[in-house]
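I have placed the structure first, in the form of structure tokens, so that the comments after it can refer back to it.
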Amino acid sequence: MLILVLGKGKTGSLVAEVARERGHGVRALDIVENPHASALTAPNLAGVDVVIDFTAPEAAVENIRAVLALGGRIVVGTTGWYQHLEEMKSKAQKGGALLYGTNFSIGVQKLFQLTAELAKLDGYKFSIDETHHVTKLDAPSGTAITLKEIILGVRPGIDVAIASHRVGDAKGEHLVRATSDCDVIELRHDAHSRRGFALGAVRAAEWLAGKSGAWEFREIFDQL
Ligand SMILES: NC(=O)c1ccc[n+]([C@@H]2O[C@H](COP(=O)([O-])OP(=O)(O)OC[C@H]3O[C@@H](n4cnc5c(N)ncnc54)[C@H](O)[C@@H]3O)[C@@H](O)[C@H]2O)c1
């Protein structure tokens with residue numbers, strides 16, 4: 001497979017490394033080579049099976065639009081652009097393919113499932129803490145927002161506070177807390193390395209090759 005990685009930053013560079021280790025051909029572009037999605041042209045995408053985006057919220061929107069307009073396939077790890085999600089999903093239904101997710105770590109996908117289970121408990125209040133590195137652009141994290149949506153899916157209308165912390169080079173820590181008058185239950189996931197995100201994104205790209213449509217990683221991770 002030929003994979004085009006957008007973003008040579010902390011996560012994109014690991015995605016390229018993992019994709020090469022898994023035997024794929026890899027091209028990578030950063031902002032200098034791809035300002036405002038300018039490198040995403042038909043000739044440049046010819047032969048590319050899947051594009052993987054780990055850039056920044058505004059860049060991701062431009063990149064998704066450009067790839068889908070050419071009927072291409074794109075895995076989007078970038079977070080913070082979801083106000084455009086419905087537009088992007090409807091574009092993907094008309095041609096190309098989109099797979100997006102707030103967290104490509106398989107461990108966090110398990111945290112999502114356990115959180116849905118925890119939220120079924122009566123008599124508890126729920127809250128979320130997330131900690132990331134100081135250069136993260138969006139807050140709360142996309143993963144914390146997903147966790148909140150999962151709890152609200154089980155218990156519509158309740159109050160779920162999210163506390164965001166920005167510390168050093170923290171790779172991503174999420175804590176879901178259920179508190180009653182008698183006890184507290186905590187579900188916690190700490191990423192020790194960004195490799196888990198990179199591996200999940202490359203496996204998602206392998207899954208997306210040859211497909212058309214739009215999916216969230218949560219819907220398909222157990223098929224990998
Ligand atoms: N979904 C997940 O599992 C997951 C995991 C880690 C990070 N993220 C998200 O991925 C994004 C990137 O995170 P990071 O920590 O690697 O950031 P980073 O700042 O280290 O890297 C981003 C890179 O993208 C480049 N870039 C910006 N615009 C570009 C463009 N138009 N074309 C190509 N490259 C461009 C920047 O120059 C930079 O090198 C963030 O939104 C972060 O929240 C998601």
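Scope of the values below: all heavy atoms of this structure, side chains included, with no hydrogens, waters or symmetry mates. For ligands, and for the atoms within them, numbers begin at 1 and follow the listed sequence.
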Point-to-point distance, once rounded to the nearest 0.5 Å, from CD1 of Ile162 to NZ of Lys148: 5.0 Å
N/O separation below 3.5 Å, Thr11 to ligand 1: yes
Identity and separation of the nearest protein heavy atom to atom 21 (O) of ligand 1: Gly9 CA, 3.3 Å
Per-residue contact class, Leu29 against ligand 1 - non-hydrogen pairs under 4.0 Å: backbone
Contact (N/O only, under 3.5 Å) between Gly101 and ligand 1: yes
Nearest-option assignment for atom 22 (C) of ligand 1, heavy atoms, candidates Val32, Thr55, Asp169: Thr55
Ser127 OG to Asp159 CG distance, which is reported to the nearest 0.5 Å: 10.0 Å
From CD1 (Ile52) to CZ (Phe104), nearest 0.5 Å: 8.5 Å
Heavy-atom gap Ala56 to ligand 1 smaller than 4.0 Å: no
Aromatic plane relationship, Trp207 with Trp215 - under 30° parallel, 30 to 60° tilted, over 60° perpendicular: perpendicular
Name of the residue among Val76, Thr78, Leu40 meeting side-chain contact (heavy atoms from CB on, under 4.5 Å) with Asn63: Leu40
Value rounded to 0.5 Å, distance of CD1 in Ile106 from CZ in Arg203: 5.0 Å
Protein heavy atom at shortest distance from atom 15 (O) of ligand 1: Lys10 CE, 3.3 Å
Identity and distance of the protein heavy atom lying nearest atom 42 (C) of ligand 1: Thr79 OG1, 4.0 Å
Geometric N/O contact Pro35 with ligand 1, under 3.5 angstrom: no
Numbering as shown, the atoms of ligand 1 that approach Lys136 to under 4.0 Å (heavy-atom distance): 43 (O)
Heavy atom of the protein closest to atom 44 (C) of ligand 1 (residue, atom name, distance): Gly77 O, 2.9 Å
Nearest option to atom 10 (O) of ligand 1, as decided by whichever heavy atom of Phe54, Trp81, Phe217, Phe197 sits closest: Phe54
By side-chain contact (heavy atoms from CB on, under 4.5 Å) - contacts of Val32 (at least two apart): none
Close N or O approach (Phe104, ligand 1; < 3.5 Å): yes
For Ala59, the ligand 1 atoms whose distance to one of its heavy atoms is below 4.0 Å: 28 (N), 29 (C), 31 (N)
Results of side-chain hydrogen bond (donor to acceptor under 3.5 Å, both in side chains) for Lys171 - residues two or more places apart only: Asp169
Short N-O contact, Glu17 and Arg22, less than 4.0 angstrom: no
Protein residue, atom and distance nearest to atom 25 (C) of ligand 1, heavy-atom basis: Asp30 OD1, 3.4 Å
Donor on one side chain, acceptor on other, His165 and Glu173, under 3.5 Å: no
Nearest heavy-atom neighbours spanning Val48 and Asn44: CG2-O, 3.8 Å
Nearest protein heavy atom with distance in Å, relative to atom 30 (C) of ligand 1: Asn34 O, 3.6 Å
Nearest non-hydrogen protein atom, atom 2 (C) of ligand 1: Thr102 O, 3.5 Å
